[in-house]
Amino acid sequence: MWHYEGFVDKARLYFDRAAEHDEADDEFALWLLLGMEFLLRAPLAKVHPSLLAAPEGDSILHAAGVIKTSSQPRSIPAKMVIDRLKYVISDFGDDRQRDALYLANLRNGELHSGEPVLARIPDDLWLPRFLSVVEAVCGHLRLPAEMLVSEDILRHARALRVEVDKALERRVQDLISKSRYFFERLTFKEAEDRKNAFSLRVPPLGGKERGVACPACRNRGDLLIVPGRTTRSRFHEAGNEFVYSVVYVAQSFECPVCGLLLSDTAMVRAAGIERVHVETFSESRYEGWETNVSDEEIRGAGFYSIDDYQE
């Protein structure tokens with residue numbers, strides 16, 4: 001029921017059905033959005049089917065192969081799938097989550113309301129988001145998007161996204177110019193006072209801050225990064241330790257001096273600030289191990305993360 005290959009094949013089938021319709025046809029959008037949900041579930045299925053099983057009842061036991069339930073196993077809703085993907089796909093930050101939720105809500109509105117939702121949404125509002133979500137998932141799965149989605153659809157979506165990206169870049173550059181203008185009119189004392197006041201604030205929960213040069217005034221600004229995924233541990237014999245990395249994704253940026261505020265990952269990227277940050281950690285091979293465990297058992301043991309199947 002929750003097999004990785006099945007989700008990929010079904011997504012491809014629905015994307016092929018979309019290609020049979022004109023882009024002005026509501027069914028074109030509907031088949032793409034339906035297929036996207038199957039594709040979103042594929043990375044979780046590849047980790048383990050139980051990540052897709054509803055917590056109620058015996059669905060998880062069924063997904064784990066413990067029992068063969070006689071009742072119909074239940075899956076988690078799309079919103080929970082999207083939330084879990086941020087722990088599996090490093091390129092699935094808050095911008096991709098928002099895109100996926102936006103698309104899922106379009107699909108729900110079309111299927112569960114009396115309104116012709118898809119007939120009222122122009123392609124440039126949803127198709128670039130669809131493309132970004134598909135590319136993020138396919139990149140993680142190491143599947144070319146062209147293997148799933150028609151090249152004509154991808155070409156059209158990419159052309160639309162270029163225009164959307166240009167609009168975002170113009171907006172971000174306008175913010176940078178206004179912040180630079182403000183900074184150039186500050187006195188030295190005013191700039192120092194703003195730095196000191198900002199340094200007293202409490203860092204936000206759920207992430208950590210990293211100092212980077214502000215693209216407007218070149219002073220130190222705070223980049224909020226949140227953990228995306230953890231790579232699997234590897235044993236380094238030279239240091240007698242296990243080493244793993246945590247991949248962080250930039251979520252926002254704020255400069256205390258010029259006041260530049262970039263409120264999401266897409267704006268951070270458009271400003272030319274590095275979006276993905278990796279920190280490496282290590283721990284002794286003996287931490288948490290009993291003394292009677294052999295070196296061979298230690299080397300063979302796996303400290304695996306949620307995405308242990310992929311680097």
Side-chain angles (χ1 to χ4, degrees), residues 7-43 77-79 81-83 85-86 89-173 249 263-270 275:
F7 284 117
V8 173
D9 290 342
K10 199 165 184 180
R12 183 187 293 113
L13 173 64
Y14 279 36
F15 293 154
D16 286 344
R17 290 177 180 175
E20 297 173 0
H21 295 270
D22 186 87
E23 291 171 3
D25 190 338
D26 296 352
E27 288 191 53
F28 166 75
L30 184 58
W31 283 119
L32 287 183
L33 296 178
L34 290 172
M36 186 197 70
E37 178 165 347
F38 297 119
L39 184 61
L40 290 174
R41 293 176 184 268
K79 186 178 185 303
V81 171
I82 293 167
D83 184 63
L85 283 175
K86 67 185 178 184
I89 305 177
S90 60
D91 200 31
F92 214 86
D94 62 323
D95 50 348
R96 292 293 81 80
Q97 291 179 62
R98 279 198 300 270
D99 289 343
L101 285 172
Y102 173 83
L103 296 168
N105 287 333
L106 282 183
R107 180 209 60 203
N108 289 340
E110 180 69 23
L111 294 178
H112 304 298
S113 76
E115 300 295 325
V117 174
L118 296 181
R120 298 176 178 176
I121 302 295
D123 286 354
D124 59 350
L125 288 184
W126 69 270
L127 200 49
R129 302 187 190 203
F130 169 82
L131 174 65
S132 295
V133 171
V134 168
E135 287 182 338
V137 177
C138 286
H140 172 75
L141 297 176
R142 299 181 182 178
L143 291 174
E146 290 76 7
M147 287 184 60
L148 302 180
V149 185
S150 162
E151 290 188 11
D152 289 340
I153 295 176
L154 292 175
R155 189 181 305 113
H156 179 52
R158 285 167 179 154
L160 292 175
R161 189 172 62 182
V162 167
E163 296 305 314
V164 172
D165 289 345
K166 286 181 179 178
L168 177 62
E169 288 175 5
R170 288 193 294 268
R171 178 186 168 200
V172 169
Q173 289 304 316
V249 179
S263 57
D264 59 36
T265 305
M267 295 181 72
V268 169
R269 181 176 54 205
R275 187 170 56 89

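Since the structure is predicted, the reported quantities are computational estimates derived from the model, not experimental observations.
The heavy-atom pair separating Ser150 from Ala19 by the smallest distance is CB-CB, 4.0 Å. The minimum heavy-atom distance between Ala100 and Val133, with the atom names listed, is N-CG2, 3.9 Å. Heavy atoms only, all atoms of each residue included: Ala29 and Trp126 are closest at CB-CZ2, 3.4 Å. Taking each heavy atom of Ala136 and Arg96 in turn, the nearest pair found is CB-CD, 4.0 Å. What you find for Leu141 and Ala42 is that their closest heavy atoms are CD1-CB, 4.1 Å. Scanning both residues, Pro43 and Ile89, for their nearest heavy atoms gives CG-CD1, 4.0 Å.
Annotation: side chain of Leu101 is in contact with side chain of Lys79 (closest heavy-atom distance under 4.5 Å). Counting only heavy atoms from C-beta outward, the side chains of Tyr102 and Leu125 approach each other to under 4.5 Å. For the pair Phe28 and Ile153, the minimum side-chain heavy-atom distance is below 4.5 Å. Proximity of Leu111 to Leu30: side-chain heavy atoms (C-beta onward) are separated by under 4.5 Å at one or more points. At least one side-chain heavy atom of Trp31 sits under 4.5 Å from a side-chain heavy atom of Leu34. Residues Leu32 and Leu103 form no side-chain contact, since every pair of their non-hydrogen atoms from C-beta on lies 4.5 Å or further apart. Within the 4.5 Å cutoff, no side-chain heavy atoms of Val137 are placed close to those of His140.
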Practice prompt. Take Asp95 and Arg98, measure what salt bridge (Lys or Arg N to Asp or Glu O under 4.0 Å) needs, and give me the verdict at the end.
Written response: CA-CA 5 Å; Asp95 50 348; Arg98 279 198 300 270; over 6 Å; no

Item to complete: Check step by step if side chain to side chain contact (heavy atoms under 4.5 Å, CB included) holds for Leu118 and Leu33.
Response: CA-CA 10 Å; Leu118 296 181; Leu33 296 178; 3.8 Å; yes

Practice prompt. Evaluate side chain to side chain contact (heavy atoms under 4.5 Å, CB included) for Phe92 paired with Ile82, printing each intermediate quantity in order.
Written response: CA-CA 9 Å; Phe92 214 86; Ile82 293 167; 4.1 Å; yes

Practice prompt. Might you work through the side chain to side chain contact (heavy atoms under 4.5 Å, CB included) test for Leu148 and Val134, ending with a clear yes or no?
Written response: CA-CA 9 Å; Leu148 302 180; Val134 168; 5.6 Å; no

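Screening residues 157-171 for salt bridge (charged side-chain N to carboxylate O under 4.0 Å, His left out), with sequence neighbours left out, gives Glu135-Arg158, Glu135-Arg161, Glu146-Arg158. The stretch residues 116-128 participates, sequence neighbours left out, in these salt bridge (charged side-chain N to carboxylate O under 4.0 Å, His left out) pairs: Glu115-Arg120.
A centroid separation of less than 6.0 Å is found between the aromatic rings of Phe130 and Phe15.
Annotation: side chain to side chain donor-acceptor pair (under 3.5 Å) contacts of Gln173 (sequence neighbours excluded): none.
Remark: the backbone N or O of Val268 is not paired with any side-chain donor or acceptor of Arg275 at under 3.5 angstrom.
If you take CG on Asp264 and CD on Gln97, they are separated by 12.0 Å, rounding to the nearest 0.5 Å. Considering CE of Met36 and CZ of Arg41, their distance stands at 10.5 Å, rounded to 0.5 Å.
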